[in-house]
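Just so we're clear, the structure is a prediction, and the values are computed from it rather than from any experiment. A note on names: the letters A, B, ... follow the listed sequences, proteins ahead of strands, and every chain is numbered from 1.
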2 protein chains.
Amino acid sequence: MRVSELASESGVAVATIKYYLREGLLAPGAATSSTGASYTEEHLRRLRVIRALTGSAGLSVHRTREILAIIDSPQPDLYDTLGRAVAALPPYPDPELHTDHPRARAVLERLGQLYDPGYAAVAQLEDALRAAEEAGVAIDDERIDVYGTHLRAIAEFDVARMPQGAPSSSIEYAVLGTALYEPIILALRRLAHQDVAARTLG
Amino acid sequence: MRVSELASESGVAVATIKYYLREGLLAPGAATSSTGASYTEEHLRRLRVIRALTGSAGLSVHRTREILAIIDSPQPDLYDTLGRAVAALPPYPDPELHTDHPRARAVLERLGQLYDPGYAAVAQLEDALRAAEEAGVAIDDERIDVYGTHLRAIAEFDVARMPQGAPSSSIEYAVLGTALYEPIILALRRLAHQDVAARTLG
DNA sequence: ATATCTAGATAGTACAACTATCCAACCCGC
DNA sequence: GCGGGTTGGATAGTTGTACTATCTAGATAT
């Protein structure tokens, strides 16, 4: 497949594909001459993953490269690798020394979950809780219980569905699942809001 | 309160506050002279809301202004106003004519929820489903059932908690709740993943 | 042989979100 | 009543991101 075909198949402009090549998101095609290269279905798939991450999931090109690099280089410690991969997904808490995360800690203790201050999602939770609080819509314990219970049920389903194959495919699945299912979850919540509101108010 | 105090109280630079004033996100203070104005607690609160929306919720200044305008001008039709407000929250589906949303429609029918093609979250859901599909991690019916059930439970709780006061406060609450609780929901899911994974794998 | 395509390099664009500077007017303490 | 710091208002500059366009020179298709 030539660049122009890759472009038309994926709907991405040739200039943009060149940009991704320069930025190291996409591997170069097999050179057929000094001014020619051929691309495979694998390139097309990768390009779709790039567009899914930069588009729907809202990642920057820089973060997308980080995540692809993690997916591409399988590491022995799956658990740690998953942590790093998910930490590369937005949102990004400002790295001003959060030594403790009092709000997040209280929430996790209430839910009976482990509190690991090194995990990025803890800082994300802390920031989100603080933002809600400062905007005057702080969450209370009951809401935490409701959210926590249902999200844990979702997470249990997700983990049960994790493929047991090679680490790299597990990581790819986990990263894509985290990044690409999140917009689905938010959209479903919004639609459920509308449906519930229509039934109870209308 | 002077600008400098507003700045130090909120942690936002004076130059940035001036920028928000120019952009119409923040109302001018009461002029005390040709080169002086005083700001109130209300300004401080508004500034915190702006930072919560542009920061944690990831909205652009432009979208933030739209949402604040909706909150500020109460409309008779609460249901419609809520729809417009939530539509101003990310993500923003490309407005290339989505006349139908086959994936979203199938999901909503399966969940027994109403399908209204005019609602922004439907297009968001369609885009998210398509992105997951194209990246090779399409969701199946069972996952839809699990996600749908639990998110509906969350939504029922949210709606039951809606304040019954003035429309403008309902709208502010709904918009802030939608925008600011979403990061909390995502963080809780990620932390639940970690916790479940640690317990089952570790 | 001529029109089209290609890789690789470099430069340019468009937008967002600030950030900095300047000015003249003002107020505050002394 | 005066000097230092502050203010509103205007304007210009900066940084970063994600492309987009142009150019060169060789390769390929018809």
Open item on the list: Give me each pair satisfying ring pair (Phe, Tyr, Trp, His ring centres under 6.0 Å) with a member in residues 14-39 of chain A, each pair once, sequence neighbours excluded.
Closed with: Tyr39(A)-His43(A)

Open item on the list: Output one letter per nucleotide in nucleotides 23-30 of chain C: B when a protein non-hydrogen atom lies under 4.0 Å from the base, S when only the sugar-phosphate is that close, - when neither is.
Closed with: --BSS---

Task: Results of side chain to side chain contact (heavy atoms under 4.5 Å, CB included) for Arg48(A) - residues two or more places apart only - done: Leu44(A), Glu134(B)

TODO: Using the test side chain to side chain contact (heavy atoms under 4.5 Å, CB included), find all partners of Ala85(B) that sit at least two apart in sequence or belong to another chain.
DONE: Ile70(B), Val175(B)

TODO: Examine distances only and state if a side-chain atom of Tyr181(B) and a backbone atom of Val137(A) form a donor-acceptor pair shorter than 3.5 Å.
DONE: yes

TODO: With sequence neighbours left out, write down each residue that passes side chain to side chain contact (heavy atoms under 4.5 Å, CB included) with Pro90(B), or none if nothing qualifies.
DONE: Leu59(B), Tyr92(B)

TODO: Quick one: list whatever passes side chain to side chain donor-acceptor pair (under 3.5 Å) with Arg105(A), sequence neighbours left out.
DONE: Glu109(A)

N/O contacts under 3.5 Å, protein versus nucleotides 15-17 of chain C?
unit_1: dA17(C); atom_1: OP1; unit_2: Val61(B); atom_2: N; d: 3.3
unit_1: dA17(C); atom_1: OP2; unit_2: Val61(B); atom_2: N; d: 3.2

- [ ] Report which part of the nucleic acid Ser4(A) touches: base, sugar-phosphate, or nothing (heavy-atom distance under 4.0 Å, all strands).
- [x] sugar-phosphate

Please list, one pair per line, the donor and acceptor atoms closer than 3.5 Å that link side chains of residues 5-16 of chain A to other protein atoms, with sequence neighbours excluded.
unit_1: Glu5(A); atom_1: OE1; unit_2: Arg2(A); atom_2: N; d: 2.8
unit_1: Ser8(A); atom_1: OG; unit_2: Ser4(A); atom_2: O; d: 3.3
unit_1: Ser8(A); atom_1: OG; unit_2: Glu5(A); atom_2: O; d: 3.0
unit_1: Ser10(A); atom_1: OG; unit_2: Leu6(A); atom_2: O; d: 2.7
unit_1: Ser10(A); atom_1: OG; unit_2: Ala7(A); atom_2: O; d: 3.4
unit_1: Ser10(A); atom_1: OG; unit_2: Val12(A); atom_2: N; d: 3.3

Task: SB check Glu156(A) Arg152(A) (cutoff 4.0 Å) - done: yes

TODO: Quick one: label Ala31(A) by what it contacts on the DNA or RNA (base, sugar-phosphate, nothing), any heavy atom closer than 4.0 Å.
DONE: nothing

Task: Nearest-angstrom distance from the residue atom CG of Leu21(B) to P of dT19(C) - done: 15 Å

Task: Length of the line joining Arg22(A):CZ and dA11(C):C1', which is rounded to integer Å - done: 10 Å

Open item on the list: Assuming nearest nucleotide by heavy-atom distance, tell me which of Thr16(B) and Glu5(A) is located more 5' along DNA chain C.
Closed with: Glu5(A)

Task: For chain B, the stretch of DNA chain D it reaches, first to last nucleotide, under 4.0 Å of its heavy atoms - done: dT7(D) to dT11(D)

Task: Pair listing, salt bridge (Lys or Arg N to Asp or Glu O under 4.0 Å) test, anchored in residues 179-193 of chain A, at least two apart - done: Glu182(A)-Arg190(B), Arg189(A)-Asp158(B), Arg190(A)-Glu182(B)

- [ ] Using side chain to side chain contact (heavy atoms under 4.5 Å, CB included) as the criterion, list what pairs up with Ala104(A), not counting sequence neighbours.
- [x] His101(A), Val122(A), Leu125(A), Glu126(A)

Open item on the list: Does anything in residues 52-74 of chain A form a ring pair (Phe, Tyr, Trp, His ring centres under 6.0 Å)? List the pairs, not counting sequence neighbours.
Closed with: none

